[in-house]
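These figures come from a predicted structure and were not determined experimentally. Residue numbers begin at 1 in each chain, while the letters A, B, ... track the order of the sequences.
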Amino acid sequence: MTPEQLSTAIVDVLTTLSTTGEVTLPDGVPTTVTVERPRQKGHGDYATNVAMRLAKSAGMNPRAFAELVKGGLEAVDGIAEVEVAGPGFLNVTVAAGAQGLVAQQVVAAGASYGASDAFAGEKINLEFVSANPTGPLHIGGVRWAAVGDALGRIFTLTGAEVTREYYFNDHGAQIDRFSRSLLASAKGEPAPEDGYGGQYIHDIARAVLEKTPDALDRSPEDSLETFRQVGVDMMFAEIKQSLHDFGVDFDVYFHEDDLHRSGAVARAVERLTALGSTYEKDGATWLATEKYGDDKDRVIIKSDGEGAYLSGDLAYYLDKRERGFDRCFIMLGADHHGYVSRMMAMCAAFGDKPHENLEILIGQMVNLLQDGEPLRMSKRAGTVVTIDDLVDAIGVDAARYALARYSSDSNIDLDLGLWTKAAGENPVFYVQYVAARTWRLLHNGADLGVLPASEGFDPSLLSDEKEGDLLRALADFPRVVTAAAELREPHRVARYLEDTAGSFHRFYDSCPVLPKGDEEPTELHRARLLLVQATRTVFENGLALLGVSAPERM
RNA sequence: GCCCCCGUAGCUCAGUGGAUAGAGCAGCGGCCUUCUAAUCCGCCGGUCACAGGUUCGAAUCCUGUCGGGGGCACCA
């Protein structure tokens, strides 16, 4: 029995009680009820607080309400015991047979275990990373590469149609500064005062010269344009390659410049003007964002006639909506959080629903530590910690896992030393070791002629306490995936895997899976091997959501 | 001054209004002729920053204060 099935059973009982008039529910029978795994041993396998939640409106005291629910639940197949406890909790113990069936259900579902239709029919657009191609991808962008991609995988598993996009800022002054920096380097001149000065500038400048040897022999305008075009292409190709090596590929690379050239910006401004949300002042065109909660109104067309940065975002958002995306996500670093209120105001000005059609996720800062010392990151100073540096230092699996296991709301300090350790204190090793251990058991079993139980499987054989803990953990996976999607929090998957790894290792420690010596294989061995296979399935699926491999051996 | 995030064990962090607040690391102490011990077990460790409020119940929600981080452009 899974928590979902128990939840359904409870709703059925409530429906019956309501129909017969034994309880009166003014707000109707809830469609779902909370079922949780109590931390406390002795509080049953599952607990629900429905009685406490509904008692007041039903005009009863919680324990009396709970007693009625208990009566109904006890008759449900697969429920061994129901207890009313404390202020009105219902503690449910599931029959070993019903519990053990979970192993079979997981294996039968295979790669689709954890999938749901929670977001079925939704077209979701995820925009993340979107770093300017003025330098290598630095650590802040990498956090979203890991988390955003994981979120995409989670939404996909919960039924959504996901498009990953990278917004390519190739229109503004930063690109000019980048181009001029390249040109200066190629000429052997110092970097412009407002330019970029890292080593990569010299590398790219040299590469541009190799590709277009006459780049410096052209007119000043042509020369700069050459460095702009070739340099940006090279830089962007490098970023794409780094992301690809990191396991992150985008469906759409959207160029800001296209929005300006195609007239999309002008159309977006016209649309807003028609809706009465713009006005002219001081020679510029303003968007009235303040009335939608922004601190102040914002310029969208500057007095020189050029579009302000926000104008590209207006057009881009409109474009996404016209492409049919119900939900547009933009993932930004904390240093851009000030952008949220004006973007939400823009969304409202279009007549859309802020925080629904448009969601902006903010990721706090990442600091890298080596031996306890902070590594400073500064693109301009040239001491950049890039995505490639990170991958070289700890590998893709550890990097993705490390960045995805924390709440995006938290600043994080990653100690590179920890993430390279081949020991259980390194969370990614601890979790991946489960995958390796299950693989070994399945193969050693095959060598001994022991295969996971299938037909004639007696689920009640899995009655050990450690087996029950593991089965309940495995049964939780779909709920964890759904919660991660609903809350946009991929780190829940990582934390779940860490907890479940503990349950598996404890099971492994106290429940021999394979026959030893001359021992004849029994149904219990086969049942346990099925549980091992189910565990392997959950870890494969869970790690896949994070873009981390489930190794066969380590 | 205003806005966003954070404040939970010595450290790094979980904790979608529930019961006695958890994990890993660090510290102390155990289990290897092993289904490879990269695992596992025990002990130690808390004013959930502080003060009010909301309710059957608050680490969680609201208000304020303090502390840390990040922002407040006709830059992008």
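A donor-acceptor pair is defined here as one N or O able to donate and one able to accept, closer than 3.5 Å; such a pair exists between the side chain of A:Arg536 and the backbone of A:Ala550. The backbone N or O of A:Asp257 lies less than 3.5 Å from no partner atom in the side chain of A:His260, so there is not a single donor-acceptor pair.
Looking at heavy-atom distances under 4.0 Å, A:Ala47 makes contact with a base. Counting non-hydrogen atoms under 4.0 angstrom, A:Gln40 reaches a base of the nucleic acid. Using a 4.0 Å heavy-atom cutoff across all strands shown, A:Asp282 reaches at least one base atom of the nucleic acid. No engagement by A:Ile362 is indicated, since no non-hydrogen atom pair under 4.0 Å with the nucleic acid exists. Across all strands shown, A:Gly86 has no heavy atoms under 4.0 Å from either base or sugar-phosphate atoms. The residue A:Ala334 sits close only to the backbone: its heavy atoms come under 4.0 Å of sugar-phosphate atoms, none of a base. Within the nucleic acid shown, A:Lys296 comes within 4.0 Å of sugar-phosphate atoms alone, with no base atom in reach, counting heavy atoms only. Here A:Asn91 lies in heavy-atom contact (under 4.0 Å) with a base. Using a 4.0 Å heavy-atom criterion, one finds that A:Ile412 contacts the sugar-phosphate atoms exclusively. A:His43 comes within 4.0 angstrom of a nucleotide base, judged by non-hydrogen atoms across all strands.
Contact annotation: side chain of A:His337 to base of B:rG70, donor-acceptor pair present below 3.5 Å.
Set against B:rC40, B:rG15, B:rC5, the side chain of A:Gln364 has B:rC5 as its closest nucleotide. Proximity note for A:Tyr339 (side chain, C-beta onward) versus B:rU16, B:rA76, B:rC74: the nearest is B:rA76. With distances taken from any side-chain atom of A:Pro38 to the nucleotides B:rA38, B:rA19, B:rC40, the minimum falls on B:rA19.
Shown here, B:rG1 forms a base pair with B:rC72; the pair counts as Watson-Crick or G-U wobble because both key distances fall under 3.5 Å. Nucleotide B:rU12 forms a Watson-Crick or G-U wobble pair with B:rA23, both donor-acceptor distances falling under 3.5 Å. Pair assignment for B:rG67 gives B:rC6, based on Watson-Crick or G-U wobble hydrogen-bonding distances that are each under 3.5 Å. Partner assigned to B:rA38 is none, using Watson-Crick or G-U wobble distances below 3.5 angstrom. Pair check for B:rC61 finds B:rG53; Watson-Crick or G-U wobble, both atom distances under 3.5 Å.
Residue whose closest nucleotide on RNA chain B sits further toward the 5' end, between A:Ala423 and A:Leu487: A:Leu487. Take the nearest nucleotide of RNA chain B for A:Ala173 and for A:Arg479: the residue whose nucleotide is more 5' is A:Arg479.
The shortest distance between the side-chain N/O atoms of A:Arg492 and the OP1/OP2 oxygens of B:rU16 is below 4.0 Å. Taking 4.0 angstrom as the limit, A:Arg506 places a side-chain polar atom (N or O) nearer than this to OP1 or OP2 of B:rC41. Remark: A:Lys302 is in phosphate contact with B:rA76, judged by side-chain N or O atoms under 4.0 Å from OP1 or OP2. Phosphate proximity of B:rC72 to A:His336: absent, as no side-chain N or O sits under 4.0 Å from OP1 or OP2.
Residues A:Phe236 and A:Phe168 bring their aromatic ring centres within 6.0 Å.
With a 4.5 Å cut-off on side-chain heavy atoms, A:Leu414 and A:Leu403 count as touching.
A:Asp170 has no carboxylate O lying under 4.0 Å from a charged side-chain N of A:Arg228, or vice versa, which leaves the two without a salt bridge.
B:rC5 has its base anti relative to the sugar, with a glycosidic angle deviating from 0 by more than 90°.
Side-chain contact, A:Arg261 with A:His255: no donor N or O sits under 3.5 Å from an acceptor N or O.
Of the residues in residues 398-410 of chain A, those with a non-hydrogen atom less than 4.0 angstrom from any atom of RNA chain B are A:Tyr406, A:Ser407, A:Asp409, A:Ser410. Annotation: proximity of residues 513-522 of chain A to RNA chain B (heavy atom, distance under 4.0 Å) is found for A:Val513, A:Leu514, A:Lys516, numbered in ascending order.
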Are any protein N/O atoms closer than 3.5 Å to N/O atoms in nucleotides 53-61 of chain B? If there are, list each pair with its distance.
residue	atom	partner	partner atom	Å
B:rC56	OP1	A:Lys56	NZ	2.3

**OP:** Apply side chain to side chain donor-acceptor pair (under 3.5 Å) to the pair A:Tyr279 and A:Asp297, showing each step before the final yes or no.
**Re:** CA-CA 10 Å; A:Tyr279 60 91; A:Asp297 292 346; 2.7 Å; yes
